[in-house]
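Here the structure is laid out as C-alpha cells; the discussion comes afterwards.
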Protein chains: 2
Amino acid sequence: MQAPRRVGTGTNQEAVRRHNLGTVLRHVHRAGQLSRAELTRRMGLNRSTIAALTAELETLGITERTGPATVSAGERQGAGRPSTGVRLAATGPYVIAVDLRVDHATVARVGLGGAIQQRAHASTAGLAEAWQVGAAVATLIRKVVTDASSSAPLVGIGIAVPGMVRRTDGLIRLAPNLEWHDVSFSSVVLAALGVDIPVMVANDANLGALAEHERGAGVGVDDLVYISGQVGVGAGIITGGHPLEGVGGYAGEIGHLRFDPTGPPCHCGSTGCWETAVGGPAIAAAIGSALEDVAQLPQHLRQLTEASPELRRIGGDIGRGLASIINAFNPQLVVLGGYFSDVHPLVRDEILDGLTCAALPAALDSVTLTVPSLGDDSVLLGAAEAALDPLLVDPVASIGTALLDVPARLAG
Amino acid sequence: MQAPRRVGTGTNQEAVRRHNLGTVLRHVHRAGQLSRAELTRRMGLNRSTIAALTAELETLGITERTGPATVSAGERQGAGRPSTGVRLAATGPYVIAVDLRVDHATVARVGLGGAIQQRAHASTAGLAEAWQVGAAVATLIRKVVTDASSSAPLVGIGIAVPGMVRRTDGLIRLAPNLEWHDVSFSSVVLAALGVDIPVMVANDANLGALAEHERGAGVGVDDLVYISGQVGVGAGIITGGHPLEGVGGYAGEIGHLRFDPTGPPCHCGSTGCWETAVGGPAIAAAIGSALEDVAQLPQHLRQLTEASPELRRIGGDIGRGLASIINAFNPQLVVLGGYFSDVHPLVRDEILDGLTCAALPAALDSVTLTVPSLGDDSVLLGAAEAALDPLLVDPVASIGTALLDVPARLAG
DNA sequence: GACCTTTGTTGTTCGGGGCAACTTATCCGT
DNA sequence: ACGGATAAGTTGCCCCGAACAACAAAGGTC
C-alpha cells in the first residue's frame, strides 16, 4: 500500500520534503549534536520549517532533543535564548559494517553518527569458498547485535570487499586475492542470516574514500583520492563531493596503471603495472619479509625506523605513480591508506621527490598528502556510511523497511 | 530589487519551481521539439504543471507553441487528442561560442538547441600576446552577431582554450602551446567588446566531452572520456553525467600520465609522458610531416590510406595508454577527438590490441571506442553548452541578466 | 456515426515552506 | 537587581506549486 515511486526528472513537493528531512538528518549525522539554530543557518530554511523537520525525526525515533542547558561548560556566549539541541537517539537506527580482507574479517555495529557500538573480528584464513566466509561473517554479525536494543531498527548491511564489485547489484566480479569470480556475496550472507534487508557490497578503497571524506582526514574536501594498499593497490575517488564509480562501478583501478613497461609481469596479464612496483609483494621483498606475510605488512613496517635503499626506491615509485593520479584527477587531498600509511613516514621525502618531478605544477600546488585519520577503521566505517546512505536520503522509507527486534530475530 | 540569493543545503518551493522550469527547458534544448505530453512523461509531473511551466517559458520568449497539426507526415499513430508542441523560439536566447586553437580561432553564434546560427573563422598565427588574440576574437564575435535579431537576448560567452583553466574564475593558468601563463582571457575579450556579460572559459577537452555527451556520440552515456589530440593530449571526463573537474579544474591531464620512463623528456619537465609517445609531434614524425605542421595534422592524416609501421606502433601506444585511462575511470565510451579521430581508422586494430593486453577485462567489457559525431565542432559546441548552462539552471534569472539589442550594442 | 483514447484547460485541493507576531530565555549594562 | 537587547522556539496564517478531477477538444477505431 505504499505510494508509487515517482520517476522522471521533475521535482515535486513530496520530494522536497524527503530531501529536506534527509538533509537535516545528514547534518546531525555528520556533526553528532547540533542546535536547531545551527541547522537553520546551515540549511537556509526557516526556523519553523526546521522545527517541523526535527519534530518528525523525533517521532521516527531517530533523534531526540536535548535541553537547552546542555552546553554548560561556561563557554556560552552571545545573548538570546539558548537553542534546543538535536542529537541522535541512543536506540536509533544502526547498520552492520563488514570489512572483509584477505585473511580476516571485521564486523561492527555502527549507529548513526558513525559510532562503533560493538565489534567482532575473526580470521578467515583457510576458508576458500564464499559460503564458508559468508557463514563466518554471519556468525560475527550475530555476535555484534547481541547487545543491541530490540527497539532499535537495523537499516542495512555494508560490506567492503578487496575486489571489483558491480555497482548495479553488488556482484563481486573479481577479487583476485580471495580468488573469487562472480560471487553474489550479499545473497550468501543473507542466506546465512535468514533475513532479508538491504545489503550494499562495494570495493574497499571506495569505502575508505567515503569514510575519510565523511568523517576522516577529508572532511570538507570535495576532491580526494584514497589509495588502498592491502595486497593489491586500488583507489577510491571522490570528485565534486561524490564517489567516482564509472559505468560498472570499477573506476579507481589504479594498481594497473602503466608504470614501467620493462617491469615484471602482473597477475592481471599486463606488464609493468604500478602494482608490481609498489604492491604488497614488492614492499615485502624490499623489507625482507616473507611473501606469505603480505597481509601482516603494516605490523612489520611499524617496527622499522629507517628505510632500506630498496624501500627508498619504492618510495620514489610511489611518488611517480601518484603524480599520474594527481594529473588525472586533480585532487585536493591524497589519503595513503593500508600499508601505504606505514610506508609513508619512512620514505616521505622520496615520495615527494617522485611527485615533484612528475606532476604538473598547477595540480601539485593544490594537493596534500596525508594518512587516514580513522586509522585502520576507514574501510569499516566507509561500509557503515554506505549502508546508512539510504537512511539519509529518505529517512521515512528507510525506517519503514528496517528490521526490528534484531537480537531475537538473528538469534534463531 | 532582486530576491536575495538563498544559500544552504535546504530546498524550498522557489527552488523547486526554478529547477522544474530549467528542466523543462533542458528537455526542449536537448530534443529540439517536443510535445507537452512527452514532457509530462519524461518529467513525471502532472499535465497541468507542464502546461504552466511551458506557458512561463513562452512569456519569457524562449519557446513557442506549435499547432497540434505540426506532425503531418502521415505517421501519426495512437488515438487521442494530438498534443501541443513546444519548440524553441526563433528569436530566443543565444550564446557566443569560441574555439581558440593554437593557430586559429572559430567563433559561432549558437542558439538554444545547439544550432549554429552564424560562424566566423580567422587565423591567429603570429599573434603572440593575449590582447592581440582577444582583439581578433572580439572582431569575430562582432561578425557573428550582425544578423542576430535585436530582440534576441545574448546570455553569455563560452571560450574553449587548449590549456589548464582554473575553474573558479576561468583564469588560464598555463596554455603551453599558446605560451600563455596566468591570463584572464575573459577580461581581455570583455574589454575588447566593451560590454559585461557572463564569460565561461574552460579547457577544450572538457568542453568537447560536454558536447559529445549532450548532443554527440555520448548521448545517454553518463560515463565517458573524450580524448583531445591537438598539439598536446588531454581528456575531458564525464562521470555519473557530470564533468570531472578536480579542485582547481585541472582534472583530465592524461597527456602526462607516465607511459615509458625510458622515453624522451616531455616539455612538462618529466620523462616519458604518454604525450611524448602519441602527441602531435610524435605523429607528425611518424607520417613524415614537418613539425611546424602539427596544427594541420588532421588534413595530412586524411590523405593517408595506410599506416606506416611507425604509425602502427603509435597505434599500439594509444591503446596501451587508453588502457590505463579505462582502468582508472571505467567509462562506457571513449571518444577519440582531434587528430585521434583521423588516426583511429588507420590503426584501429593496433589500438584494440594495445587495449586488450593492458586493460582489465571487467572495465574493457563495458567500453566502446568511437570518434566524435559532431566532427570538428565538438569543442565549439561544448563552449556553447557551457555558456548556455546557467540558462538551463535558472531561465528567469539568466534571461534577466542577458544582453539585449546586441547587434547595435556591439557595433559601437 | 458511436465510442474510445488521449490531451489540453480550468478550478479546486493539498501540503510544505515563508513570514510575522508573540513568547521564552539568556546576556549585559546600569 | 532590574530592564533592555538579543536570539530562539511556537503558533497561526499566507503563498505558491504540484496533484487531482471534471470537462472539453481532437483524433482514431469499429
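Chain letters run A, B, ... following the sequence lines, proteins first and then strands; every chain starts at 1.
The shortest side-chain heavy-atom distance between B/I238 and B/D222 does not fall under the 4.5 Å cut-off.
Salt bridge A/R17/A/D394: absent, no basic N to carboxylate O contact under 4.0 Å.
B/R17 has a side-chain polar atom (N or O) that falls below the 4.0 Å cut-off from OP1 or OP2 of D/dA18. In terms of phosphate contacts, A/R41 brings a side-chain nitrogen or oxygen within less than 4.0 Å of OP1 or OP2 of D/dA8. In this model, the phosphate group of D/dA18 is approached by a side-chain N or O of B/N20 to a distance below 4.0 Å at OP1 or OP2. Of the side-chain N and O atoms in A/R47, none sit less than 4.0 angstrom from OP1 or OP2 of C/dC22. Between B/N12 and C/dG16 there is no side-chain N or O to OP1 or OP2 distance below 4.0 Å. The side chain of B/S83 places an N or O atom within less than 4.0 Å of a non-bridging phosphate oxygen (OP1 or OP2) of C/dG8.
With rounding to whole Å, A/I50 atom CD1 is found 16 Å from D/dA7 atom C1'. The distance from atom CZ of A/R36 to atom P of C/dA25 is 13 Å, rounded to the nearest whole Å. As a whole-Å value, the separation of A/R18 CZ from D/dA18 C1' is 14 Å. Here the P atom of nucleotide D/dC15 and the CG atom of A/N46 are 16 Å apart, to the nearest Å. Rounded to an integer number of Å, the gap from CD of A/E14 to P of D/dG17 is 19 Å. Rounded to an integer number of Å, the gap from CG of B/L53 to P of D/dA18 is 6 Å. Protein atom CZ of B/R42 is 14 Å distant from nucleotide atom P of C/dT7, rounded to whole Å. Protein atom CG of A/L45 is 16 Å distant from nucleotide atom C1' of D/dG9, rounded to whole Å.
To the nearest 0.5 Å, atom CD of residue B/E14 and atom NE2 of residue B/H19 are 14.5 Å apart.
Listed here is the closest heavy atom pair of A/V28 and A/L34: N-CD2, 4.1 Å.
The residue among B/T49 and A/R65 whose nearest nucleotide of DNA chain D is located toward the 5' end is A/R65. Residues A/Q13 and A/S48 each lie close to DNA chain C; by heavy-atom proximity, the contact nearer the 5' end of the strand is made by A/Q13.
With sequence neighbours left out, the side chain to side chain donor-acceptor pair (under 3.5 Å) criterion links B/T91 to no other residue.
Between B/T63 and the options B/E58, B/Q33, B/H29, a side-chain contact (heavy atoms from CB on, under 4.5 Å) holds for only B/E58.
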Nucleotide N/O to protein N/O under 3.5 Å, stretch nucleotides 1-6 of chain D:
from	atom 1	to	atom 2	distance (Å)
D/dT6	O2	A/G80	N	3.1

Take A/D389 and A/R26, measure what side-chain contact (heavy atoms from CB on, under 4.5 Å) needs, and give me the verdict at the end. CA-CA 9 Å; A/D389 194 65; A/R26 196 178 291 271; 3.7 Å; yes
